[in-house]
Amino acid sequence: MSVRRVLVLYTGGTIGMAQGPRGWVPAPGLLVRELRRSRAFHVEGQPDLTLPTDIDGLVVRYTVREYPSLLDSANMGPADWVGIANDIAAHDAETDAFVVLHGTDTMAYTASALSFMLEGLSKPVIFTGSQIPFMRVRNDATANLLGALTLASRADIPEVGLYFRDSLLRGNRATKVDASGLDAFASGNLRPLARVGVDVTVDRDLVRPPGTGPVRVVPITQPLVACFRWFPGLTPHTLDAMLQAPLQGVVLQTFGAGNAPDNQPELLGVLRKATDAGLVLTHVTQCLRGTVRDDYAGGRALADAGVIGGLDMTAEAALTKLMWLLSQPHLTRADVRRLFATDLRGELGAPQ
Ligand code: ASP
């Protein structure tokens with residue numbers, strides 16, 4: 001009998017919420033109780049949570065580790081990301097795969113952060129959640145969790161992924177694009193790693209090779225990074241106010257293929273001054289698809305002011321990558337600038 005052990009780290013989010021006096025809030029214990037009662041998620045009589053055996057005969061046992069403080073993901077930040085990464089590393093030896101249940105609002109940030117922090121990852125880490133709570137009759141939680149458990153236990157994708165609706169996206173390529181639709185995530189610059197339809201199809205050309213394991217955590221300890229959209233009418237004064245110490249790095253989301261105004265020398269002067277003061281300035285596009293480049297004079301002007309192009313990275317990947325690079329004391333500013341534009345975890349560049 002072939003058995004797979006999956007550890008489900010349950011951090012919070014709509015998936016396990018119930019209605020409270022002030023709206024939907026995480027409800028401790030509820031999700032695990034519901035899973036134990038559900039024939040799709042548990043075989044009665046088994047001590048551990050066990051999925052019903054499918055036609056391939058594989059037995060999938062899973063443990064849900066519910067976090068003591070279940071969070072709406074709007075309340076999560078770098079310290080929570082490090083906590084999840086440490087839990088994965090602590091259980092790497094006895095676990096075949098991980099599923100992380102997480103609120104959808106900041107899921108793409110956490111998945112991106114983990115893709116950088118988990119060095120040598122050799123097992124699947126699949127984020128999922130839902131837009132409608134599991135306890136509601138009509139929900140997307142059932143399909144999302146079953147799909148994530150299926151991929152985690154069977155698909156052999158040793159990456160941080162994000163599963164939603166019917167697609168497994170690379171975590172550091174995903175963005176939440178819909179606040180209410182069930183197809184809530186998109187990966188504008190990379191096709192899905194896998195799709196769950198009648199069959200499960202994995203795009204093996206995209207899946208990265210496994211790390212050498214056991215996984216090591218290189219944590220984010222330096223969150224003094226900001227991310228904001230450039231907008232028409234941004235004044236030098238406002239820009240200058242946003243680029244002050246103790247900030248160490250900034251991700252600017254520029255227009256289209258990486259443009260900003262080149263007809264206002266004061267704006268470019270503010271950027272130059274910040275770069276000269278040691279701030280790592282970077283930029284990615286505001287668009288869902290495409291890459292920043294320096295074809296236009298506006299893009300060239302940014303490069304001249306010392307702003308590093310992040311190619312086709314999502315803002316979520318760029319922000320967490322910059323935090324992670326700046327957290328490593330042995331890296332010089334020049335290293336950080338170089339590595340930011342280098343593919344480290346499949347987060348940038350066209351697929352081969
Ligand atoms: N506000 C919720 C969260 O991100 C939304 C969700 O889970 O869908 O935690």
Side-chain angles (χ1 to χ4, degrees), residues 8-35 38 41 64-85 87-88 98-115 125-149 151-152 160-187 192 196 220 223 227 288 314-317 319-320 323:
V8 178
L9 299 175
Y10 171 30
T11 69
T14 295
I15 193 163
M17 288 193 186
Q19 189 90 121
R22 287 164 53 81
W24 292 100
V25 283
L30 176 71
L31 183 65
V32 176
R33 264 199 315 280
E34 293 288 327
L35 291 173
S38 159
F41 283 97
V64 179
R65 176 163 146 45
E66 178 173 306
Y67 280 30
S69 170
L70 293 172
L71 296 173
D72 184 297
S73 72
N75 292 320
M76 294 177 76
D80 302 293
W81 307 339
V82 174
I84 299 168
D87 277 343
I88 289 171
F98 300 87
V99 168
V100 182
L101 297 181
H102 194 289
T104 58
D105 289 347
T106 67
M107 191 187 288
Y109 291 88
T110 309
S112 295
L114 260 78
S115 76
V125 173
I126 298 184
F127 278 74
T128 198
S130 67
Q131 298 269 65
I132 308 175
F134 191 89
M135 52 87 68
R136 290 194 59 189
V137 175
R138 183 179 66 80
N139 69 55
D140 56 335
T142 302
N144 286 347
L145 182 50
L146 267 183
L149 286 167
L151 287 167
V160 176
L162 188 156
Y163 180 75
F164 223 80
R165 185 68 172 224
D166 57 7
S167 298
L168 180 71
L169 311 178
R170 178 168 292 151
N172 56 33
R173 295 283 195 155
T175 299
K176 185 171 179 182
V177 292
D178 200 326
S180 49
L182 303 186
D183 206 359
F185 287 88
S187 167
V196 175
I220 289 177
C227 177
L288 178 61
T314 61
E316 293 90 334
L319 178 85
T320 55
M323 286 179 176

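All heavy atoms count here, side chains included; hydrogens, waters and symmetry mates do not. In each ligand, atom 1 is the first atom listed, and ligand 1 is the first ligand listed. Fair warning: this is a prediction, and the values are worked out from it, not measured in the lab.
- Atom CZ of Arg65 has more than 12 heavy atoms from other residues, nucleotides or ligands within 6.0 Å.
- In terms of protein heavy-atom proximity, atom 4 (O) of ligand 1 is closest to Ser73 OG, 2.5 Å.
- Backbone and side-chain nitrogen or oxygen atoms of Thr14 are examined, and one is located within less than 3.5 angstrom of a nitrogen or oxygen of ligand 1.
- Annotation for ligand 1: atoms under 4.0 Å from non-hydrogen atoms of Gly13 are 7 (O), 9 (O).
- The pair Asp105-Lys176 meets the salt-bridge criterion, since a charged nitrogen lies less than 4.0 angstrom from a carboxylate oxygen.
- You'll find the side chain of Val8 reaches within 4.5 Å of the side chain of Leu149, heavy atoms only.
- Interface atoms of ligand 1 facing Gln131, defined by a heavy-atom separation under 4.0 Å, are 8 (O).
- Side-chain contact between Tyr109 and Met323 is absent, with no heavy-atom pair separated by less than 4.5 Å.
- Counting heavy atoms closer than 4.0 Å to ligand 1, residue Ser130 contributes backbone atoms (N, CA, C, O) but none from C-beta onward.
- Between Phe134 and Phe41, the distance from one ring center to the other falls under 6.0 angstrom.
- Among all non-hydrogen protein atoms, the one lying nearest atom 8 (O) of ligand 1 is Thr104 OG1, 2.5 Å.
- Remark: the Tyr67 side chain and the Asp80 side chain contain no N/O donor-acceptor pair separated by less than 3.5 Å.
- Close approach of ligand 1 to Gly103 is summarised as follows: ligand atoms under 4.0 Å from at least one heavy atom of the residue are 3 (C), 4 (O), 7 (O), 9 (O).
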